[in-house]
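The structure under discussion appears below in the form of structure tokens.
So that the names make sense, note that chain A is the first sequence line, chain B the second, and so on, each numbered from 1.
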Amino acid sequence: MTGTAQHRVTLAFSDGVEHEMAVDPGGSVLEAGLAAGLPLLHQCRSGSCSSCLATLVEGEAATLPGCSSSLLASERAAGQRLLCVTGASSDCRFALPYDSKVGENRAVEGHAFVNAVERVAADVMRLELELAEDCWFEFRPGQFIQIKVPGTDQTRSYSIASTPAELPKIELLIRLLPGGVMSEWLLGQAAVDTALEISGPYGAFFLQEASKAPVVMIAGGTGLAPMMAMIDVIRARPGRKPPIHLSFGCQSAEGLFHGEAIALRSMWLPSLTVTTSVDRGPAPDGVRIGNPVEAVGADGPLDPETVAYLCGPPGMIEAARRHLQALGVAPGNIHAEQFVAS
Amino acid sequence: MNEATPVRRRSTVRINTTSDQRINDSKTQSQYQPYKDAAWGFINHWYPALFSEELPEDKVEGIQIAGIPIVLRRVDGKVFALKDQCLHRGVRLSAKPMCFNKSTITCWYHGFTFDLDDGKLSTIVANPDDPLVGTTGITSYPVEEVAGMIFVFVREDDFPLEDVPPLSSDLPIRFPENSEKFPHPLWPAAPSLMDEGAVALGMHRTGQSNWRIACENGFDNAHILVHMDNTIVHALNWVLPLGILPNHEEPITLIEDEDGPKGMMQWLFTDRWKPVLENEALGLKIDALNGRFYRTSVVMPGVLMVENWPEEHIVQYEWYVPITDDMYEYWEVMVKVCPTDKEKAAFKHRFDRVFLPMCLRGFNDCDLYAREAMEEFYADGTGWDAEQLVSTDISPITWRKLASRWNRGIAKPGKGVPNATKTSSIRLRRLAEGKAPGYFVQKIEDVNSY
């Protein structure tokens, strides 16, 4: 029942800041919140990217007629909603997984220069950019930017692999796809000093506030990018570092990359353990055959306070969520960014 | 036609950054990149601040460690340490100490008054009802005092106090509890600052080089060549080799016990290192009579221990406490366990007559100028890339790697502090007045004249 009446909706940020507003019948909670000037994270506005994820804690709220959401049935059952396609069926209350300061990192548009383009695996490119004079933003590790592919009207989204401290430099890890517009540009035309149109930062997937709770990171392919940023930020945070398990997986040995960068992090951060997997053999020394999801929890039970970060293709995210919940990780402590290759 | 504004690269000139590009990005170098980034030192560690006798009851002193100005005050015997930078407009509280009671220190400029215990703004002299009172404050630093030395845990503003490790985790390992792990058949167990009855005698002074250059000198087994002509070596006829070469697959063992200090032990005067006593090509031969066995180890955040030095039952500790990126406070401390006043007096007597003039000065003066001789090669960051290391450099390389792993944070360039801006006119005036930049605050001595 969507109803015909206006309802009062309360949005609670993780830092305790709350806002109450009216949501019109047939309208989305996101539109109402943005109209009220609230710092809500969002991007696609069409129920797919999950940037506007929130948890319904009181009342009823359903997907608006004619819209669809990329949430799994189990996620919906756990109260998760995408605010851009959610209406209020009664007065209700949502908990947001981020604090009221995050949305202040508003996305900006501008340019960035190419500093380096480098092939790091059979199907992965490393692209280093530097924000141009006309562009500056702050971001949280885990967030992504969009790039307009030169010579086309297409944009692509990539997680930032470097840290805010390294700005104006930005490092991206980009998967090469046969025939992909970005892939063709990277392989054919990308050159140092090219200026690209970019916008960002976007996304509700980012490192949570510092805590002592153990961290699990599961990364499939270029899903490693946001994890690198988060690991480097954790390393620079003051105080005792939490144990971190990074489980990184690729399809085959030819697809592996960043081995040296990962090894350095293990050297610099005693609390970091890394498992690397390939779906199919042969596997080089120290690499297991299997998927990166199963590698988590293989050595014993997880701490119930564990905070998990997942980044990879939808199938991996879904499997990882199920696996982690079965191991006792609270659904609210599982943060995910899924990407669809394009 | 409306031309779009051209897109430009941003200007990237920055002050006080370390070299962010190296010429050779060899694997070894990148393994200790965090160390190369630590020009201003490692933060969130325990450092010596003052000798106890330098801070008598009710005295206030201002110092600087790893780019952080720190004010110390002793009240009823207990030492307190706060950030020496008023939150109002940055004045150093220690420049003209103002204390109206036993529990606070007041900024002498506008009267902002801070609790010694936690740094909280407890009142403002002429504005006690200001809404700011009680809502903010300056960073406080945990303090420990042992064997006549005051140590401060120099932390980032948001390093949680509950995460502060015990002082012993930033001091050298102890004996005899480590005698089995690190046997020392040629000398008795080295004393420790933490031992009952330990007496620490020493000095500290400012050296004009980066702290890393200084620190690496202490355990560099090829550096002893600089000491070949030191007076004490000849007076006591010591066999001090020309150099000592690694001669084993594990000449150095890492110290990485979970809750203990993190560092490395060098197996000197065992078959793992070979002393070189002769160079035929140059016609050099050491033919002194008296063996002088010792062993060096280093732990985070850069604490040297020289066991059995300069004689039995004494240990020499050294710290190279970063002040800025081009100055460090050099601490040379000899520790001996003296259970009775008589032994204490005898140690002091020998220290004053022999060790102070001939070891801490004399012998170690030589280290001080040797470090400064290396400083300019590294000062602009290029030395880290250009250095050509050899086999004996296994010691500094191992240290750089372990420091990259076990540091609790990399100090950021000092903000709003003395000597961060090398060309400030106030700094130049003080130089012209003959006051070298250093560790202590420049106090206002006479309130009526300047």
Side-chain angles (χ1 to χ4, degrees), chain A residues 109-116 118 126 128-137 148 150 162-163 165-171 192-198 209-212 231-243 258-272, chain B residues 4-14 17-18 20-21 25-38 42-45 139 153-165 169 254 256-259 262 300 398 400-413:
Chain A
E109 292 180 6
H111 291 82
F113 285 92
V114 174
N115 273 357
E118 179 193 0
R126 174 184 167 274
E128 187 190 302
L129 304 179
E130 184 175 324
L131 297 179
E133 224 178 35
D134 67 349
C135 182
W136 186 265
F137 57 77
K148 184 165 172 290
S162 50
T163 67
E166 291 163 77
L167 286 171
K169 291 198 180 123
I170 291 180
E171 184 184 279
V192 171
D193 289 337
T194 308
L196 298 173
E197 288 177 49
I198 66 161
E209 296 300 304
S211 91
K212 303 280 188 286
I231 288 170
D232 281 346
V233 167
I234 292 175
R235 188 163 62 86
R237 277 179 172 170
R240 277 229 311 273
K241 312 292 187 280
H258 257 34
E260 199 168 305
I262 294 170
L264 287 176
R265 270 57 180 192
S266 319
M267 190 172 244
W268 298 339
L269 190 57
S271 72
L272 173 66
Chain B
T5 321
V7 183
R8 289 203 179 89
R9 276 191 181 266
R10 59 183 59 243
S11 150
T12 51
V13 178
R14 289 199 202 172
T17 53
T18 50
D20 62 349
Q21 291 290 325
D25 63 345
S26 77
K27 203 167 170 179
T28 310
Q29 270 205 50
S30 49
Q31 286 173 347
Y32 55 78
Q33 185 63 43
Y35 183 77
K36 288 163 68 176
D37 293 339
F42 291 124
I43 197 156
N44 308 322
H45 284 278
T139 305
F153 186 81
V154 182
R155 61 174 179 134
E156 288 170 279
D157 297 335
D158 50 359
F159 185 96
L161 283 171
E162 66 267 22
D163 285 1
V164 175
S169 60
L254 293 183
E256 295 185 298
D257 293 339
E258 192 163 354
D259 287 318
K262 306 293 191 286
M300 292 296 289
T398 305
R400 292 174 186 180
K401 287 187 199 171
L402 80 87
S404 295
R405 179 172 174 81
W406 292 110
N407 72 82
R408 299 196 196 99
I410 292 166
K412 298 186 176 65

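For B:E258, the CD atom counts as loosely surrounded, since its 6.0 Å shell holds 12 or fewer non-hydrogen atoms of other residues, nucleotides or ligands. Within a 6.0 Å sphere centred on CD of A:E109, other residues, nucleotides and ligands contribute 12 heavy atoms or fewer.
A salt bridge is defined here as a Lys NZ or Arg NE, NH1 or NH2 lying under 4.0 Å from an Asp or Glu carboxylate O, and B:R9 with A:D193 meets this definition. A salt bridge links A:K212 to B:D163: one of the charged nitrogens lies within less than 4.0 Å of a carboxylate oxygen.
To the nearest 0.5 Å, atom CG of residue A:L264 and atom OH of residue B:Y32 are 12.5 Å apart.
Closest approach of B:D158 and A:P238 over heavy atoms only: OD1-CG, 3.0 Å. Annotation for A:E260 and B:S30: closest pair OE2-OG, 4.3 Å, computed over non-hydrogen atoms. The two residues B:P160 and A:G239 come nearest to each other via the heavy atoms CD-CA, 3.7 Å.
Using a 4.5 Å cut-off on side-chain heavy atoms (C-beta onward), A:R240 and B:P165 make no contact. The side-chain heavy atoms of B:R405 and A:P270, taken from C-beta on, include a pair separated by under 4.5 Å.
The candidate with the highest count of non-hydrogen atom pairs below 4.5 Å against chain A, out of B:E156, B:E162, B:K401, is B:E156. Among A:C135, A:A236, A:A263, the residue making the largest number of heavy-atom pairs under 4.5 Å with chain B is A:C135.
The contact between B:R408 and chain A is made entirely by backbone atoms, counting heavy-atom distances below 4.5 Å.
Using modelled atom types, one side-chain atom of A:W268 and one backbone atom of B:Q31 make a donor-acceptor pair closer than 3.5 Å.
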